[in-house]
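In the text below, chain A, chain B and the rest are named by the order of the sequence lines, each starting its count at 1. Below, each value reflects all heavy atoms present in this structure, side chains not excepted, and no hydrogens, waters or symmetry copies. Here the structure is a predicted model, which is why all the values come from computation and not from measurement.
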There are 2 protein chains.
Amino acid sequence: MTEQTAPTTAAGEPATARGEQTRQLIVDTAMRLFRERGYARTTMRAIAQEAGVAVGNAYYYFGSKEHLIQEFYARSQVEHRAAAEPVLHREDDFAARLAGVLHAGIDVLTPSHSFAASFFKTAAEPTSPLSPFSAESSGPRQAAIGLFAEVLDGSTARVDPELRPHLPELLWLAYMGVVLYWVYDRSPGQARTRKLIDGAVPLVDRLVGLSRLRVLRPVTRQVLDLIRTLRH
Amino acid sequence: MTEQTAPTTAAGEPATARGEQTRQLIVDTAMRLFRERGYARTTMRAIAQEAGVAVGNAYYYFGSKEHLIQEFYARSQVEHRAAAEPVLHREDDFAARLAGVLHAGIDVLTPSHSFAASFFKTAAEPTSPLSPFSAESSGPRQAAIGLFAEVLDGSTARVDPELRPHLPELLWLAYMGVVLYWVYDRSPGQARTRKLIDGAVPLVDRLVGLSRLRVLRPVTRQVLDLIRTLRH
DNA sequence: GACACAAGTTGAACACGTTCAAGAAGGGCG
DNA sequence: CGCCCTTCTTGAACGTGTTCAACTTGTGTC
């Protein structure tokens, strides 16, 4: 409770066209440098210099270096949705839709694997507004959960009615797990993460199907009760 | 690959009694200040000053501020084992043993909850030697996995023979999940984490039991295959 | 056009983690 | 004791993220 310097200033959106332009310039420069040199080796001074502004100016738009990461999240989320569109349009099988959306997410992240690890570090901080569980990330998180709601809604899958409302969030949580594995994945091209998706999706599919069986009802109940307890 | 300044110098053990004494002095001071002010607000200068040594001296024993955290891990691991001893001696039911060991782990960590969050941040960095999955953490990790092997071995549980050799590591992984939840747990006294343990243990117990059923053999196989694929 | 106020911009200054060249302490050996 | 070598210790200096008081630019109002 007594901990953390966690940047608080949300550093409001620019109010003028000039401001918006500068903001974009800084973001674009930062993203380029992150990709070129990695997060740790990209200094705020370098970003400012390459963008042709003063250091303090960057802090006018972004409360901290970490806040630049949030921009990365937002962009990735939008790209993810776009990349998932074709599969969601084409397939109606639950497993196929889920696998498609998961692969789309990793597709979008792959070019950033080298520096995404550093991002992850700050994202993992529970008190950080950058945490995927934080209030500040509520927007992107809800969007992401919505994506998995779509996976479910557009599918022919039959799901236990008690489980159904919780499933999108659970799938998102599973996706967070996949991303966690991906961040740690040192195999070439993160091939193992692909195998994780292909291996885990059928299991999830089977599990979701089994949830309707009378025999497993008590277990399903037990799981749901636990989830409800753990929710905020 | 091109990323990260990750501290490399293992900063060898002291070779003399004088060195050992100084090292202990620095660790003790650091742990006290971490507890008092939190990790972020404890500066290396403050640690050095309170310990009555020069800043550079701390760096002679610890490659970085983060390396002081590793000391915390090591201590916690030893305490965990000690705290788990009574339960392991008393119980022979798998679920009771598992719950006991998990609760013991959280018992040990609880006094440090306020600043453990900051620790977690650096631990989460995949390239960091402080990561629980890193080579440098191999020692404490193996010790922890060994603890869960003991949970299993000393129990009357009957387990699918194919699953059995993998189970200690899987239980450790589950424990990491519990710790992850605990770090994020903002409920008073982290009561929710306790409920997570009490709720999840029976499920794990049931699942482990079910793994022997003929009907579920294919699923068990599928899971094991996936695990093998994902292993290094 | 002149004024006022908000929006945007600047760069020097600060605190921090970390490095390193220089030196002090200690101990074994003649 | 005098010498040498390892171990330990020092604190000034560097690069970094971040702050902030001062300044400049833009925009609406009369």
Side-chain angles (χ1 to χ4, degrees), chain A residues 4-27 29-30 33-34 37-70 118-119 121-122 125 128-130, chain B residues 4-27 29-30 33-34 37-70 118-119 121-122 125 128-130:
Chain A
Q4 236 35 37
T5 351
T8 49
T9 45
E13 294 297 302
T16 73
R18 173 172 61 129
E20 183 55 41
Q21 198 177 335
T22 307
R23 193 194 136 94
Q24 276 306 314
L25 180 61
I26 293 169
V27 173
T29 308
L33 292 183
F34 285 165
R37 318 177 181 178
Y39 179 73
R41 280 203 289 269
T42 301
T43 68
M44 291 301 281
R45 282 168 180 80
I47 294 172
Q49 190 177 343
E50 291 264 318
V53 301
V55 192
N57 202 4
Y59 281 92
Y60 181 75
Y61 293 104
F62 301 94
S64 72
K65 189 180 175 186
E66 295 187 4
H67 275 80
L68 284 164
I69 300 178
Q70 218 156 22
S118 328
F119 284 18
K121 174 180 177 172
T122 59
E125 171 104 25
S128 163
L130 292 170
Chain B
Q4 236 36 36
T5 352
T8 49
T9 45
E13 294 297 301
T16 72
R18 173 172 62 131
E20 182 55 41
Q21 198 178 334
T22 308
R23 192 193 137 95
Q24 276 306 317
L25 180 61
I26 293 169
V27 173
T29 308
L33 292 184
F34 286 166
R37 320 178 179 178
Y39 180 73
R41 280 203 289 269
T42 301
T43 69
M44 290 301 281
R45 283 169 179 79
I47 294 172
Q49 190 178 342
E50 292 264 319
V53 300
V55 192
N57 202 4
Y59 281 92
Y60 180 76
Y61 293 103
F62 302 94
S64 73
K65 189 181 175 186
E66 295 189 3
H67 275 82
L68 283 165
I69 300 179
Q70 218 156 22
S118 328
F119 284 16
K121 173 179 179 175
T122 58
E125 170 104 27
S128 163
L130 291 170

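Whole-Å rounding puts the A/Phe62 CZ to C/dG8 C1' distance at 14 Å. Between B/Ile47 atom CD1 and C/dT18 atom C1' there is a gap of 13 Å when expressed in whole angstrom units. Here D/dG17 presents its P atom at 16 Å from NE2 of A/His67, a figure rounded to the nearest Å. The distance from atom CG of B/Leu33 to atom P of C/dC16 is 13 Å, rounded to the nearest whole Å. Look at CD on A/Glu20: it is 14 Å from C1' on C/dA7, rounded to the nearest Å. The nearest whole Å value for the distance from the CZ atom in B/Arg23 to the P atom in D/dT9 is 13 Å. Spacing between atom OH of B/Tyr59 and atom P of D/dC14 amounts to 17 Å, rounded to whole angstrom units. Summarising the geometry, the separation between CZ on A/Arg37 and P on D/dT16 is reported as 10 Å, rounded to the nearest angstrom.
By the neighbour-count criterion of 12 heavy atoms within 6.0 Å, atom CD of B/Gln21 is sparsely surrounded, having that number or fewer from other residues, nucleotides or ligands. The number of heavy-atom neighbours closer than 6.0 Å to CD of A/Glu20, taken from other residues, nucleotides and ligands shown, is above 12.
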### Message
Pair A/Val27, A/Tyr61 - check side-chain contact (heavy atoms from CB on, under 4.5 Å), show working.
### Response
CA-CA 10 Å; A/Val27 173; A/Tyr61 293 104; over 6 Å; no
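Within the 4.0 Å cut-off from OP1 or OP2 of C/dG8, not a single side-chain nitrogen or oxygen of A/Asn57 is found. Remark: B/Tyr60 is not in phosphate contact with D/dT9, judged by side-chain N or O atoms under 4.0 Å from OP1 or OP2. Distances shown here put a side-chain N or O of A/Tyr61 below 4.0 Å from the OP1 or OP2 atom of C/dT9.
Nearest nucleotide to the B/Lys65 side chain, out of C/dG17, D/dC8, D/dT16: C/dG17. Here the side chain of B/Thr16 is nearest to one of D/dT7, D/dT18, D/dT10, namely D/dT7. The side chain of A/Ala54 approaches C/dG11 more closely than any other nucleotide in the set D/dT7, C/dG17, C/dG11. The side chain of A/Thr22 has C/dT9 as its nearest neighbour among C/dT9, C/dA25, C/dG17. Here C/dG17 is the nucleotide among C/dG17, C/dT9, D/dT10 with the atom lying nearest to any side-chain atom of B/Met44. Distance from the side chain of B/Arg18 is smallest for C/dA25 among the nucleotides D/dT18, C/dG8, C/dA25.
As judged by a 4.0 angstrom heavy-atom cut-off over every strand, B/Val55 is placed among the base-contacting residues. Heavy atoms of B/Gly19 sit under 4.0 angstrom from primed sugar atoms or phosphate atoms, though from no base atom.
Distance check: B/Ile69 CD1 to B/Tyr39 OH gives 4.0 Å after rounding to the nearest 0.5 Å. Separation of atoms CD1 (B/Ile26) and CD (B/Gln24) is listed at 10.0 Å; rounding is to 0.5 Å. Note that the CE atom of B/Met44 and the CG atom of B/Asn57 stand 10.5 Å from one another [nearest 0.5 Å].
Residue side chain B/Arg45 reaches the base of C/dG17 through a donor-acceptor N/O pair under 3.5 Å, judged by distance alone.
Nucleotides of DNA chain D nearest to A/Thr43 and A/Gly56 differ in position, and the one nearer the 5' end is that of A/Thr43.
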